[in-house]
Every structure is written in structure tokens, then in C-alpha cells.
Amino acid sequence: RIQILFESMNLIPQTVQKQNLLYYTFIVVILGTPIWWYATATYRAALPRSPISELADTRFVFSVPVSFCHDPTEISYAEASQLVTSIKPFLLLKVPKLNRVTFDVQPVVKAKCIPDPFCVMLTKTVARRHKAEIGDDGILKVSPEKEISDIGDDVIKYLDIQYLHSHVHAVSDPNIHAKNQDVKNAMAVATSYNILVTVVNPDPSSIVVNANIKEGTERYLEPFLEEIKDVASFTYQTQILRYIPLAVRPLKSTDYYYISEDNLPHLINPIESELGTSTTNDINLVIYLVDRKYTPLRIRSPSGQLRSSTSFLSPQWGTVVLHQSQNGTDLDHGTTFGLLLPQLKQLLGLRASSSKSFTPRDGFLVRSRTTLVHLLRSVETLSSLIRLVDSIPNMVIGDHIKDQVDSAITDINAAHGALLNSDLDTALRHAMRARDAAEKSFSDPSILALLYFPDDQKFAIYIPLFLPVGLPLVVAFLELIKEHRRAKAKIE
């Protein structure tokens with residue numbers, strides 16, 4: 001068959017040597033090249049580009065449930081229902097708008113007031129008729145005699161949608177970190193955090209205090225973390241560091257010592273170098289035992305005002321408590337954790353408060369923030385993966401990467417469906433799984449290896465293999481064609 005092919009091309013040479021050359025050329029070029037091409041072809045599983053593109057353009061809708069209850073002796077159910085119906089348009093009008101997230105406030109009239117997480121009680125027994133009140137149980141009390149628009153303003157402020165707006169908007173606009181202190185303080189949303197509780201004793205010979213930090217963490221920190229265990233995976237460690245003096249010498253006032261607020265960041269540097277933490281998901285809770293010669297120690301603002309507490313927060317790092325106690329006593333865990341935990345709440349994205357426990361409203365806000373940020377980050381990661389794959393045509397895309405991408409897309413859609421139904425717990429679980437699958441697909445080792453494999457290295461591998469074989473065949477075949485043309489011209 002090879003001979004018939006060459007006869008049709010009038011390329012049949014007269015010597016066996018030249019005939020073999022044609023056969024070798026045919027085998028190498030016609031048979032060998034396709035086999036080599038197929039054997040070395042890059043396998044690229046087909047990623048779902050269209051669903052990812054649709055998710056990038058999707059506006060997630062979050063249905064926020066708000067319960068309205070009333071006292072039947074003050075206002076009837078029909079009047080309460082009519083009032084709530086009138087309030088809803090005002091609520092939707094005043095809710096902050098985002099390009100990626102829409103908050104759909106769903107007010108519902110209920111018989112009992114249960115803060116799960118938001119409940120508004122329509123009552124005339126408020127202390128001041130024109131001012132709303134939030135009770136210790138987290139229920140907003142507002143007079144039904146107020147104007148509809150004023151009630152709407154009270155409810156929007158109570159829901160604190162602006163808080164979610166700032167944190168979610170920061171995902172697409174990093175400048176928010178510079179503008180909003182709450183966003184700036186908070187740790188980045190992650191699926192896991194490690195909390196390091198450290199007691200620093202600068203001079204063990206003169207400061208004799210029984211820290212017993214294990215008892216404090218078991219009594220205060222563990223119940224705190226138990227309330228938000230579904231938000232992320234939390235682990236904590238404890239340690240005691242010694243011989244780390246204050247980096248800033250306290251100044252003497254009339255009857256106390258003080259450290260200026262401007263110098264507080266300098267206190268962290270010598271402590272941080274000894275902590276041993278290195279990841280962005282580490283949260284530091286530091287209890288610094290103050291030397292008795294500097295007691296009482298206060299923190300003073302540049303204007304001369306004294307702070308009510310001796311604790312301070314370092315954004316996206318942790319918090320420090322300057323603790324003062326008598327020698328031979330036990331560390332006052334109630335006081336120290338009473339200062340640490342409220343600031344830990346700030347590090348997890350909540351507003352500053354003096355409470356060390358989570359209200360239903362706090363739980364809703366921190367879970368909502370975590371869910372929405374996970375969703376948006378998942379979509380961003382998948383979109384980045386598609387751009388990366390398109391930029392490197394020879395990148396291997398295994399089936400396991402495609403499976404992870406498919407899993408992330410499924411969980412994102414499931415989380416969005418749960419948000420539409422106000423099922424925040426289900427939405428949070430799916431959002432965390434989506435973020436985990438998306439990041440695993442993007443940081444897969446088989447992908448990362450090719451990011452540093454330039455084309456010149458491929459040529460360095462293939463040229464020594466194919467040049468010694470291919471060059472003689474090409475030269476000989478060209479010479480054969482020239483000889484054939486000369487013989488044909490001679491005949492003519």
C-alpha cells in the first residue's frame with residue numbers, strides 16, 4: 001500500500017536504500033507523529049464555564065425574617081397585620097442595595113414575641129412614645145402610634161442591615177477596609193480559626209499570680225465558641241510567656257500610671273515575636289500581667305481622656321488585656337475574659353459591645369456575614385479558575401478538579417435556595433462546603449505545578465529526542481525530491 005501511494009506520486013526511487021528512506025519517512029511522519037501527539041496530549045476535563053458565568057452575574061437574594069407581635073389588649077390582630085403590611089414597602093425602600101446581594105425583608109405577624117432572631121413588639125408601654133427600645137431579651141419595642149416611616153427606620157436600624165452591607169460589599173471593594181472600622185477590625189472570613197490564649201509575665205520573681213489559664217478557657221472561652229461552632233472550625237491553645245517587658249514605659253500622673261493610645265501598637269511587637277503564630281487565621285488573646293510598680297495603670301487618649309478598661313484591640317490580629325492583680329492571688333478570669341470576649345466578637349465581625357455572650361441577633365448577623373462572604377468568595381474563586389485555565393492551554397485538568405467544581409456549583413445554588421427560604425443554617429453549611437470545594441479546585445497541586453513550567457523547558461526536552469531522528473529524514477527526503485525533479489527535467 002505504501003508503494004502504491006508513492007507510485008501515484010511518481011516518487012518511486014530506483015534503489016532499495018532510497019525506497020527504505022521513503023518507508024522510514026512515512027512511518028515517522030504519518031504514523032509516529034499522530035501517535036506521539038495522542039500520547040502526549042494534555043487531558044483537560046470540560047469545566048462548566050456557562051454555569052460559572054451565570055453565577056458571576058447572579059444577584060443573591062437573602063430573605064430576612066422579622067416577627068411582629070402585639071398585645072391584644074392594646075392593638076388587635078387585624079390592626080397589627082394592617083400596620084405590618086403598610087411597613088413592608090418602607091422596609092424594602094430603606095434596605096441598602098448591593099450589586100451582588102439583595103436583602104428581602106419579610107415581616108410576619110406572630111402571637112408570641114420570640115427573638116429568632118428579630119422580633120418587633122408593637123406596644124404602647126414604651127418609656128418614650130417616640131423612641132424605640134431594645135430590651136435585654138433582644139426584642140425591639142416600638143409604639144404603633146408612631147408614623148409608618150419612623151417605625152420603618154427603627155426596624156432597619158434594629159436589623160442592622162448596614163452591617164451586612166459593609167462586610168459583603170468589602171468582598172468586591174477592598175477600599176471598604178480603609179473606610180469602615182468594623183470591617184477593618186474583623187478577621188477575614190474563613191472556614192477555620194486557631195485561637196491562642198497567652199499569659200505574659202514580664203518578671204516572675206516579683207509577679208506571683210496563679211494564672212490557671214486552663215480553668216478560665218474551659219469556663220468562659222469554650223461556652224463562647226460552642227455558640228458559634230457552626231460558623232467555623234475553632235481550635236484554641238494556651239501558653240505562658242515570661243520575661244517580656246513592656247515596650248513602652250508607662251508615664252506617671254498624679255495618682256496613676258498611663259500609656260498613650262498612640263503607643264499601644266508598640267506593645268504588641270515584642271509579644272508577637274514570641275507567640276509563634278504564622279497564619280492569617282490565628283486570633284491572639286493576650287493577658288499581660290502588669291508589674292506592681294506601674295499600678296494602677298490606665299490607657300489615656302491623646303485628648304487626655306482615660307479609658308474605662310485596660311484592654312485594646314489590634315485589627316485582624318487579636319486583643320490585649322493589661323491585667324493588674326495582687327501577688328499571691330489567682331488570675332481573675334471573670335474580669336479578663338469579660339474584656340477579651342467582647343473584643344473577640346469584634347474580631348469575628350460584630351460591632352463593639354460590652355456583652356461577652358451571643359444574643360440571637362448576634363448569631364444571625366455573624367452567620368449571615370459568613371454565609372454571604374463564603375458564597376461570593378466561592379464564585380470569585382471559580383471565575384478565577386476559568387481565567388487561569390484559559391490562560392494556560394496546556395494545563396492538565398483532571399476529572400477530580402471537575403468534580404470539585406461541580407460540587408461547588410451545586411452547593412452555591414443550594415445555599416442560595418436556602419437564603420430565599422430564610423433557612424440560614426442550611427445556607428451556611430452549603431456555603432462553607434462551596435468555599436472549601438472551590439479553593440481545593442483552584443489550589444490543586446496538579447494545577448500549581450504547571451504555573452512554573454514555561455514553554456522553553458518543553459523545547460529543551462523534545463528537541464534532543466526528535467532532532468537527531470527527524471533532521472536526517474527531512475534532509476534526505478528533500479534531496480530525494482530534488483533528484484526526482486532533475487530526472488524529470490532531463491527526460492523532458
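Just the heavy atoms: all of them, side chains too, but no hydrogens, waters or symmetry mates, feed the values below.
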Note, [X] side chain near [Y] side chain (heavy atom, < 4.5 Å):
X: Glu261; Y: Phe312; value: no
X: Asp182; Y: Ser166; value: no
X: Leu385; Y: Gln404; value: no
X: Phe442; Y: Leu388; value: yes
X: Leu365; Y: Arg351; value: no
X: Asp332; Y: Ser325; value: no
X: Val168; Y: Arg100; value: no

Measuring from [X]:[atom1] to [Y]:[atom2], what's the distance to the nearest 0.5 Å?
X: Ile401; Y: Asp444; atom1: CD1; atom2: CG; result: 4.0 Å
X: Leu340; Y: Thr319; atom1: CG; atom2: OG1; result: 5.5 Å
X: Leu306; Y: Ser301; atom1: CG; atom2: OG; result: 7.5 Å
X: Ile156; Y: Phe90; atom1: CD1; atom2: CZ; result: 12.0 Å
X: Ile75; Y: Leu122; atom1: CD1; atom2: CG; result: 5.5 Å
X: Tyr236; Y: Glu218; atom1: OH; atom2: CD; result: 5.5 Å

So, [X] side chain and [Y] main chain: donor-acceptor pair closer than 3.5 Å or not?
X: Thr217; Y: Ile213; answer: yes
X: Asn281; Y: Ser192; answer: yes
X: Tyr193; Y: Ala190; answer: yes
X: Ser378; Y: Arg435; answer: yes
X: Asp291; Y: Lys293; answer: yes
X: Thr191; Y: Met432; answer: no
X: His333; Y: Ala211; answer: yes
X: Ser441; Y: Val405; answer: no
X: Ser383; Y: Val379; answer: yes
X: Asn201; Y: Ile207; answer: yes

Counting only heavy atoms from other residues, nucleotides and ligands, does the tally under 6.0 Å from [atom1] of [X] exceed 12?
X: Arg219; atom1: CZ; value: no
X: Lys214; atom1: NZ; value: no
X: Lys345; atom1: NZ; value: yes

Donor + acceptor pair across side chains of [X], [Y] (<3.5 Å):
X: His430; Y: Arg433; value: yes
X: Arg292; Y: Thr295; value: no
X: Thr235; Y: Asn194; value: yes
X: Thr370; Y: Arg367; value: no
X: Lys88; Y: Gln106; value: yes

If you compare all heavy atoms of [X] against all heavy atoms of [Y], which two are closest, and at what distance to 0.1 Å?
X: Lys402; Y: Ala46; result: CE-O, 3.0 Å
X: Ser309; Y: Leu339; result: CB-CD2, 3.8 Å
X: Ala186; Y: His167; result: CB-CE1, 4.0 Å
X: Gly152; Y: Leu91; result: O-CD2, 3.7 Å

Residue pair Asp425, Arg429: steps toward the salt bridge (charged side-chain N to carboxylate O under 4.0 Å, His left out) verdict: CA-CA 6 Å; Asp425 293 338; Arg429 289 195 298 270; 5.7 Å; no
Asn284 vs Glu272, side-chain contact (heavy atoms from CB on, under 4.5 Å): CA-CA, chis, key distance, verdict: CA-CA 9 Å; Asn284 297 285; Glu272 186 177 21; over 6 Å; no
Side chain to side chain donor-acceptor pair (under 3.5 Å) contacts in which one or both residues fall within residues 77-87, not counting sequence neighbours: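 Checked against side chain to side chain donor-acceptor pair (under 3.5 Å) - neighbours excluded - the pairs reaching residues 77-87 are Ser76-Glu79.
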Just jot down the ring-ring contact (aromatic ring centres under 6.0 Å, His included) partners of [X], sequence neighbours excluded, or say none.
X: His323; answer: none
X: Tyr288; answer: none
X: Tyr257; answer: Tyr294
X: Tyr158; answer: Phe118

Derivation and outcome, side-chain contact (heavy atoms from CB on, under 4.5 Å), residues Leu348 and Ile283: CA-CA 10 Å; Leu348 295 176; Ile283 301 176; 4.2 Å; yes
Step-by-step side-chain contact (heavy atoms from CB on, under 4.5 Å) determination, Leu419 to Val61: CA-CA 7 Å; Leu419 288 177; Val61 179; over 6 Å; no
side-chain contact (heavy atoms from CB on, under 4.5 Å) evaluation trace for Ile244 with Glu274: CA-CA 9 Å; Ile244 302 179; Glu274 301 293 335; 3.7 Å; yes
Sequence-distant partners of Arg249, salt bridge (charged side-chain N to carboxylate O under 4.0 Å, His left out), two or more places apart: none
Check: Phe224 ring centre within less than 6.0 Å of Phe358 ring centre: yes
Lys157 vs Asp153, salt bridge (charged side-chain N to carboxylate O under 4.0 Å, His left out): CA-CA, chis, key distance, verdict: CA-CA 6 Å; Lys157 185 177 180 180; Asp153 289 336; over 6 Å; no
Verdict with reasoning, Glu439 to Arg377, per salt bridge (charged side-chain N to carboxylate O under 4.0 Å, His left out): CA-CA 9 Å; Glu439 291 187 347; Arg377 291 296 186 193; over 6 Å; no
